[in-house]
Protein chains: 2
Amino acid sequence: MNKYIPDIYNLIQELSWRFGSRGLDGECCGDLSLVEYMALKIAWESEELSIQEIGSALNFTKSGASRIIDRLENKGYAVRKRSPVDGRVCCVVLTAKGTETVTKIMKRNTAYVEEMLKDLKPEVVKNVKSALEILVNSVRRQGFI
Amino acid sequence: MNKYIPDIYNLIQELSWRFGSRGLDGECCGDLSLVEYMALKIAWESEELSIQEIGSALNFTKSGASRIIDRLENKGYAVRKRSPVDGRVCCVVLTAKGTETVTKIMKRNTAYVEEMLKDLKPEVVKNVKSALEILVNSVRRQGFI
DNA sequence: ATAATATAGTTGATGTCGTCAACTAAGTTT
DNA sequence: AAACTTAGTTGACGACATCAACTATATTAT
């Protein structure tokens, strides 16, 4: 095993904690939990996602996903729309408030990252980005577990 | 703003999700949640941590921290020991089962990372490690929020 | 065509979890 | 030694995700 792997694991775990539900977004913007924000974010990124697609993207059961969309709907961030193609499917669509909020949170978090990295030279920042791309691509390939 | 910052934020957020409570460790090794594992891990790393220290390291209230230690104790992974120096303080100490389990989970997760990165050249792996160090140091400096 | 089956989503019951506020117990200060 | 501070615990509560059973729509087989 490459000698850096254990360090890499520990670093990822700590970073993840800081950006996880106990970190940045535990109760971030008003009334959105991290889970709700993530659901909103992926629905925003790829419009017309079904409830189950959101569930499997975030690793929730379809029942859990349905509850998440309930909350987003009750709080006015998204609405369910029946698919015209398949009447069983619900498409999750962001409201204006939803779009506004998701972009606001992303801006806030991006600003946090900017502040984090403000003293680094541009080429270092670029290296950080490349490293993260490598990690995210690898982890996507490998999937959950 | 450096043009890579928004990408970096998105990449961190995705990586964090994958290693967060809905990813790797949601219900990982038997009966430990990610929160419990993290508490066990930091108690193991710096032996003789008080309940509140664990709470503030993980961003829980002292009450929440106390419940986490309750669960670890009930499941046999740790015990409370009164501090000999200050009778109010409880030191969290791992049992043999606790130490065994935390190292087992770390090994498992390290193996996962190894598998993730198995096709990369050693110098790339080193770069990934450096990038993560930069990120973790920055985020430590900045603290929660 | 129609009956059987499969799939998407919802919902009541349930258990887990973290917080708040009030509390106990142990130190510290005056 | 009285007043205050600090560490930790606990009952009540609300938020949340899951399971299993359910409805409704779509697909397949006969």
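Given the structure is predicted, the values throughout are model-derived calculations rather than measurements. Both backbone and side-chain heavy atoms feed into the values below; hydrogens, waters and symmetry mates do not. Sequence lines set the chain letters: A, B, ... in the order given, protein chains first and strands last, and positions in each chain run from 1.
One atom, CG of N74(B), and another, C1' of dT9(D), lie 14 Å apart when rounded to the nearest Å. The distance between atom CZ of R82(B) and atom P of dT24(C), rounded to the nearest whole Å, is 15 Å. Look at CG on N59(A): it is 12 Å from P on dA17(D), rounded to the nearest Å. Regarding L34(B), its CG atom lies at a distance of 14 Å from the C1' atom of dC17(C), rounded to whole Å. Taking atom CD1 of I69(B) as the reference point, atom P of dG18(C) lies 11 Å away to the nearest angstrom. Between the CG atom of L49(A) and the P atom of dG9(C) there is a distance of 10 Å, given to the nearest Å. Spacing between atom CG of D70(A) and atom P of dT10(C) amounts to 7 Å, rounded to whole angstrom units. The distance between atom CE of M38(A) and atom P of dC16(D), rounded to the nearest whole Å, is 16 Å.
Listed nucleotides dA7(D), dA8(C), dC16(D) differ in distance to E36(A); the shortest reach to its side chain belongs to dC16(D). Among the nucleotides dC17(C), dG9(C), dT5(D), the one closest to any side-chain atom of R71(B) is dC17(C). Here dG18(C) is the nucleotide among dG8(D), dA8(C), dG18(C) with the atom lying nearest to any side-chain atom of I68(B). Among dG9(C), dC20(C), dC16(D), the nucleotide with an atom closest to any side-chain atom of S33(A) is dC16(D). In this structure, the nucleotide among dT25(D), dG9(C), dA7(D) sitting nearest to the side chain of K62(B) is dA7(D).
The side chain of S66(B) places an N or O atom within less than 4.0 Å of a non-bridging phosphate oxygen (OP1 or OP2) of dT9(D). For dT6(D), neither phosphate oxygen OP1 nor OP2 lies less than 4.0 angstrom from any side-chain nitrogen or oxygen of Q52(B). One finds a side-chain N or O of R22(A) lying less than 4.0 angstrom from the OP1 or OP2 phosphate oxygen of dT19(C). The side chain of S50(B) places no N or O atom within less than 4.0 Å of a non-bridging phosphate oxygen (OP1 or OP2) of dA7(D).
S63(A) comes within 4.0 angstrom of a base, heavy atoms only. Note on S83(A): nothing from the nucleic acid sits closer than 4.0 angstrom, heavy atoms only. Among the protein residues, G64(A) comes within range of the nucleic acid bases, having at least one heavy atom under 4.0 Å from a base atom.
A donor and an acceptor atom sit less than 3.5 Å apart, one in the side chain of R67(B) and one in the base of dT19(C).
The shortest distance between side-chain heavy atoms of M106(B) and Q13(A) does not fall below 4.5 Å.
To the nearest 0.5 Å, atoms CD (E14(B)) and CG (N137(A)) are separated by 8.5 Å. Here the OG1 atom belonging to T61(B) is positioned 9.5 Å from the CD atom belonging to Q52(B), to the nearest 0.5 angstrom.
In terms of position along DNA chain D, the nucleotide closest to R88(B) lies nearer the 5' end than the nucleotide closest to the other residue of the pair F60(A) and R88(B).
The two atoms that bring G20(A) and L34(A) nearest to each other are C-CD2, 3.5 Å, heavy atoms only. Across all their heavy atoms, V89(B) and S50(B) have their closest contact at CG1-CB, 3.7 Å.
With respect to K118(B) and E115(B), a salt bridge is recorded, a charged nitrogen being found less than 4.0 Å from a carboxylate O.
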